Amino acid sequence: MTEKPENPNFLQLKIMTRKSFSGMFNFLFCSWVPLSKTPPSYIMLKWISSHNFRSSKNMPMPTDNIEVLREDQEKINKFSRLNGQLSEVEQMIESRTKIVKDIADANEIVEELQITDDEAPVHFKIGECFFLQSCENMGDLIVSEQENLKAELKKYELQKKSIVDDMNGLKKQLYAKFGDQIHLERE
Amino acid sequence: MVTAEEMKAKIESWGIPPSDFIEDVGKYLSEKFKGDGPEVGTDSAEAALRKLDELLQKYKMFEAGLAEKKRRLEGQIPEISQTLDAINHLKKNSGNTIDTSFQLSDAVFAKAKVDCGDKVMLWLGANVMLEYDIDEAQTLLGKNKTNAISSLEEVKMQIAYLRDQMTTTEVSMARVYNWDVNRRKAENKP
């Protein structure tokens with residue numbers, strides 16, 4: 001992206017959805033300029049108050065303006081929703097992957113302990129308490145936990161795949177219609 | 001499956017104002033934002049934009065509230081699951097005494113022997129703890145968990161709906177703005 005100098009005659013409209021929910025992406029239906037990191041509401045207000053439409057005669061105009069139809073709006077909405085879901089699922093995958101790794105580490109340690117003593121006492125955390133267990137019992141607990149988590153992880157990964165597929169499909173359609181008047185990438 | 005009517009009633013009960021799609025910007029402006037002049041112009045477009053921005057701010061308030069609700073529920077569900085796990089463990093060892101390290105405060109643990117009887121105490125909140133049969137406690141927590149999950153689903157639906165409205169509003173703003181740019185472009189042409 002290239003930064004263009006701020007020019008009061010250069011009309012800009014950058015509409016962003018909130019980062020926390022959607023990742024970042026924006027729709028631009030005019031010529032557009034990346035507007036630093038100012039919150040979108042501020043940009044809008046500033047823009048509304050600072051532009052005097054009638055005095056600026058030579059402003060650049062959007063070259064071609066493609067009408068947004070209801071079905072396009074629905075596609076855009078769906079894309080935006082999917083984008084939000086994607087961030088959520090990605091977070092889930094991240095946290096689950098970490099737990100799976102932790103459990104694998106724990107398993108390794110328990111197996112090492114078992115070599116020396118099958119009945120060696122280990123503390124296993126359930127809820128907020130640690131329960132004293134023998135290594136032997138522990139193995140089963142770990143395995144069942146691990147399987148649960150792996151199943152969950154798989155579920156989330158499948159979800160992610162279908163979301164990404166849907167998004168790519170919509171992206172193709174929307175770019176085909178709006179070309180560079182719409183911007184659907186994460187930043 | 002939820003029917004379309006049930007869905008509609010549900011959406012109405014959330015109290016989130018809908019953002020209607022603008023079929024034809026020129027018509028929309030002349031119907032709702034026509035000023036004193038004979039034609040709709042920049043004033044109308046500006047008024048419409050201000051109005052849409054107001055709506056967007058309203059949605060943002062809704063969004064903050066819903067995000068908070070979602071966070072709370074998401075924290076609650078694992079808590080309930082953990083309590084359930086602990087109860088299941090006690091049940092499995094029913095009749096035995098088990099050694100535990102018991103949490104006294106954040107970083108202090110003490111050793112305790114726990115007799116696994118058929119009673120557990122559940123913390124209900126508001127400084128109240130009640131004794132339950134272990135089976136009863138299990139059902140109660142199970143029910144709480146299902147409730148929490150279904151409210152979380154509902155909140156997620158609300159967020160999805162809200163997001164649709166926000167996106168529609170944002171696109172409408174861009175379109176109203178572009179409409180005005182194009183109008184002036186046509187005007188300036190000799």
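Convention: sequence-line order gives letters A, B, ...; per-chain numbering from 1. As the structure is a computational prediction, the values presented were derived from the model and not from experiment. Computed from heavy atoms alone, side chains included, the values below leave out hydrogens, waters and symmetry copies.
Look at B:Glu54 and B:Lys58 and you find no salt bridge, because none of the NZ, NE, NH1 or NH2 atoms lies under 4.0 Å from a carboxylate O. A:Glu88 and B:Lys70 are joined by a salt bridge, as a carboxylate oxygen and a charged side-chain nitrogen come within less than 4.0 angstrom of each other.
Side chains of A:Gln73 and A:Asn77: a donor-acceptor N/O pair is present below 3.5 angstrom, by distance only.
Heavy-atom pairs under 4.5 Å with chain A were tallied for B:His89, B:Glu79, B:Gln103; the largest tally goes to B:His89. Heavy-atom pairs under 4.5 Å with chain A were tallied for B:Ile22, B:Asp24, B:Asp164; the largest tally goes to B:Asp164.
Checking each of B:Ile80, B:Thr83, B:Ile77 against B:Asn144 for a side chain to side chain contact (heavy atoms under 4.5 Å, CB included) leaves exactly one that passes, namely B:Ile80.
Residue contact with chain B, scored on non-hydrogen atoms closer than 4.5 Å, is absent for A:Glu74.
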